[in-house]
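What follows is a short report on a single structure.
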Amino acid sequence: MIFIAIILGCILGAILGINAPMISYTYSSYLAIAVVAALDTVFGGIASVVNKKFDIKIFISGFFGNAILAILLTMLGEKLNVDIYLAAIVVFVGRMFVNLGIIRRYYVEKWTSKFSKKKEKSK
Amino acid sequence: MNKLKVSIVLGIMCFVLTYGIFLQIKTVENSNMEVSQNYEENNLRAEVLKFKEKYDNKAKDLEKLEKDLEEERKEATQDNTELENEEIQIKKANKIIGLSEVTGPGVIVTLQDSEMNPSNALNISDLLVHDLDVLNVINELKNAGAEAISINGQRLVSTTAISCEGNVININKVKVGAPFEIKAIGLPESLSALERPGGYLPFLEKYSIKTSLEKSNQLTIPKYSGKLEFSYGKSK
């Protein structure tokens, strides 16, 4: 059920995104930072599933809240002539790597434990 | 029930995410932007793109306003014969001085730089289309009775100057590069005399410059987009 919903959402988003009218270049930097923020939340969500601490409310609020906050900060940075979006990218991408590391460790451990169990059985 | 809710929420989020990603990809692709690793270069490119967008928006606004103005004028002069005559005169004058779009039969001449290997040429400069070549072609077209001429979308008006600007040429103070597509409205048969033996196009072809002349029954020549203003000449 969940997988079907995810795949359906992805396909619909891709089709609509390809056919949507092009946004003005001025706003594309905001969209980029929002996409990065949302991606960060997705990886964070997967990592929390792995850690068994997943909470849908936190996930949703993080998804939209982070994206909006990132856009607002980018706007503020533009007004102040400081490239705040750089800091946002560093934080988001850094967190993405941390979360990816957690996910990777979890699956590697799972696999190795599986293999060792098999070996014990064959012995 | 809870699972249904969760899956709906996740579906919506995936939708938003992929939508954003694809929209962004499309925008970046359409703006012909090559993302380079050079920070400074990217910034400059973004600035240029932003300004270009602003310019395009303003041009679109201007076009719309001009259309509005025309409609207003049409409405205002509808039931008044005297004003209608004036309106017709304005239209005629605009056509002649190049402030309105013109359609009609004519020819399309294209001039393209030679594709010969430069090391085989005696004089590399002969392989390029120069401002003087364009000028000569236009002169011959006018001589053959061309009524309206445009070069790569730049309408020729009474104040048009054609000058050399390095590897491009300046027409109406706008930089225009090869290949040059010269559209001329007039009698196609007489305009195509440009191709006659001893004419200017065969002369250019001797220097291996690629030329072509195409007759057309339905040509559209855009209007002059700049401003025509006289500050010295006074009329009585």
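Reminder, nothing fancy here: chain letters follow the sequence lines and each chain counts from 1. These figures come from a predicted structure and were not determined experimentally.
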Interchain contact, L39(A) with chain B, by part (heavy-atom threshold 4.5 Å):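 L39(A) touches chain B through backbone and side-chain heavy atoms alike.
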[X] side, atom [atom1]; [Y] side, atom [atom2] - distance, nearest 0.5 Å:
X	Y	atom1	atom2	value
I12(B)	I6(A)	CD1	CD1	12.5 Å
Y19(B)	L31(A)	OH	CG	9.5 Å
M13(B)	F59(A)	CE	CZ	3.5 Å
C14(B)	L12(A)	SG	CG	11.0 Å

Do the side chains of [Y] and [X] get nearer than 4.5 Å, heavy atoms only?
X	Y	answer
Y27(A)	T27(B)	no
I15(A)	F22(B)	no
L8(A)	F15(B)	no

Is the [atom1] atom of [X] crowded by more than 12 outside heavy atoms at less than 6.0 Å?
X	atom1	answer
I124(B)	CD1	no
K54(B)	NZ	no
I4(A)	CD1	no
N217(B)	CG	no

When [options] are compared by non-hydrogen pairs under 4.5 Å with chain B, the top option:
options	answer
V35(A), I11(A), T41(A)	V35(A)
S29(A), A38(A), S28(A)	S28(A)
A34(A), G45(A), A14(A)	A14(A)

Over all atoms of both residues, closest heavy-atom pair of N19(A) and K26(B):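 That closest heavy-atom pairing would be C-NZ, 4.3 Å.
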Q24(B) versus chain A, the contacting section by heavy-atom distance below 4.5 Å: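 Contact with chain A is through both the backbone and side chain of Q24(B).
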Interface moiety of I21(B) toward chain A, non-hydrogen atoms closer than 4.5 Å: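 Looking at I21(B), backbone and side chain both touch chain A.
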Between V16(B), I25(B), N57(B), L10(B), the one whose heavy-atom pairs under 4.5 Å with chain A are most numerous: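 With the most close heavy-atom pairs to chain A, the winner is L10(B).
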